[in-house]
Amino acid sequence: MKQHTTNYTNTFIEVAQDCPVSTSQIPPEKKQKTAALLQYEFLAKNAYKYTSDDLIFNCYVIKNDISDSEKEIERQKFFSKGQPCLRCSSLAKTYGFGFHHNEDGKVAMVPLESPEYQSFLINDSVKKVKAMRLKK
């Protein structure tokens with residue numbers, strides 16, 4: 001069974017061209033946590049700890065209440081089909097966060113207004129891709 005991946009290496013995902021904010025915002029609390037808020041919570045305290053695959057799957061585990069004993073089989077099933085990468089994340093489309101993937105494929109969230117964000121934009125050794133647009 002072919003395994004797909006959402007991982008990037010040495011890549012910076014810029015906020016979407018039509019992102020509605022000029023400074024990053026924490027996704028709002030709702031009755032059930034959104035994928036954006038879960039991703040934010042994972043990355044806010046754990047820069048460069050997770051790969052994109054780990055992050056996206058961990059959020060899936062929480063939202064679908066998957067037990068520890070089921071995780072390995074569920075991960076195989078989950079990545080047997082393509083999954084949306086962080087270019088589709090609301091953090092990058094709506095809430096003003098870019099994502100930097102280091103050489104090991106580990107990811108950090110980068111606020112739009114930060115000096116780090118600007119430095120990634122001008123760093124020629126880092127590949128740049130834009131997040132998906134909100135509207136077609």
Side-chain angles (χ1 to χ4, degrees):
M1 185 181 338
K2 181 179 185 326
Q3 291 294 290
H4 296 265
T5 186
T6 64
N7 292 340
Y8 287 91
T9 53
N10 203 26
T11 300
F12 184 62
I13 297 175
E14 300 174 42
V15 299
Q17 210 169 335
D18 59 352
C19 181
V21 298
S22 55
T23 58
S24 60
Q25 298 177 351
I26 298 170
E29 286 275 353
K30 299 211 165 116
K31 202 183 263 190
Q32 282 204 309
K33 287 189 178 183
T34 61
L37 185 57
L38 288 170
Q39 290 170 357
Y40 176 86
E41 288 176 347
F42 270 108
L43 293 175
K45 296 182 183 82
N46 298 293
Y48 301 113
K49 180 177 179 183
Y50 301 102
T51 64
S52 175
D53 281 356
D54 294 339
L55 174 67
I56 289 167
F57 183 70
N58 286 339
C59 294
Y60 175 80
V61 164
I62 292 167
K63 287 188 82 62
N64 292 281
D65 201 23
I66 294 168
S67 70
D68 285 348
S69 62
E70 299 171 299
K71 267 190 198 163
E72 199 47 53
I73 288 165
E74 287 299 320
R75 188 175 174 112
Q76 297 284 323
K77 277 200 266 184
F78 186 75
F79 287 111
S80 68
K81 13 183 211 301
Q83 297 296 332
C85 70
L86 291 175
R87 289 182 60 215
C88 298
S89 170
S90 293
L91 289 175
K93 290 167 59 170
T94 307
Y95 297 109
F97 289 96
F99 297 104
H100 177 247
H101 302 256
N102 67 15
E103 303 76 41
D104 299 322
K106 307 282 184 169
V107 68
M109 189 170 58
V110 185
L112 177 59
E113 68 280 6
S114 69
E116 294 87 357
Y117 190 97
Q118 293 307 312
S119 70
F120 284 124
L121 290 181
I122 59 174
N123 183 340
D124 289 336
S125 67
V126 176
K127 182 181 175 198
K128 270 133 332 261
V129 294
K130 283 208 182 297
M132 304 301 239
R133 294 167 59 103
L134 281 169
K135 297 179 176 71
K136 295 204 187 270

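In what follows, every heavy atom counts, from backbone to side chain, and hydrogens, waters and symmetry copies are set aside. Since the structure is predicted, the reported quantities are computational estimates derived from the model, not experimental observations.
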Value rounded to 0.5 Å, distance of CD in Q3 from CZ in R75: 9.0 Å
Pairwise distance OG(S24) to OH(Y40) - rounded to 0.5 angstrom: 7.5 Å
Hphob cluster co-occupancy, Y60 + I62, side-chain heavy atoms under 4.5 angstrom: yes
For N102, side chain to side chain donor-acceptor pair (under 3.5 Å) partners two or more places apart: none
D18 (side chain) donor-acceptor with R133 (main chain) under 3.5 angstrom: no
Donor-acceptor contact present, side-chain K128 to main-chain V126, <3.5 Å: yes
Heavy-atom side-chain proximity of Y48 to H100 below 4.5 angstrom: yes
Heavy-atom donor-acceptor pair, E113 side chain to S22 backbone, under 3.5 Å: no
Results of side chain to side chain donor-acceptor pair (under 3.5 Å) for K33 - residues two or more places apart only: E41
Interatomic distance, K45 atom NZ to M109 atom CE [nearest 0.5 angstrom]: 9.5 Å
Side-chain donor/acceptor pairs under 3.5 Å, residues 82-99, sequence neighbours excluded:
from : atom 1 : to   : atom 2 : distance (Å)
Q83  : NE2    : F78  : O      : 2.8
R87  : NE     : K130 : O      : 2.7
R87  : NH2    : K130 : O      : 3.2
S89  : OG     : Q39  : OE1    : 2.6
S89  : OG     : L91  : N      : 3.0

Distance (rounded to the nearest 0.5 Å) between L55 CG and F42 CZ: 7.0 Å
From NZ (K63) to CG (N58), nearest 0.5 Å: 14.0 Å
Residues in ring pair (Phe, Tyr, Trp, His ring centres under 6.0 Å) contact with H101, at least two apart in sequence or another chain: Y8
Check: N123 side chain, S119 main-chain N or O, donor-acceptor pair, under 3.5 Å: no
Inter-residue atom distance Q25.CD - L112.CG, 0.5 Å rounding: 10.5 Å
Note: K77-E74 ion pair, threshold 4.0 Å (strictly below): yes
Exam field: side chain N10 to backbone K127, donor-acceptor pair closer than 3.5 Å: no
Partners passing side-chain contact (heavy atoms from CB on, under 4.5 Å) against T51 (at least two apart in sequence or in another chain): N7, D53, D54, K106
Hphob cluster co-occupancy, M132 + V107, side-chain heavy atoms under 4.5 angstrom: no
Cluster overlap L43 with V21, hydrophobic side-chain contacts below 4.5 Å: no
Counterpart residues, ring pair (Phe, Tyr, Trp, His ring centres under 6.0 Å), relative to Y117 (two or more places apart): F12
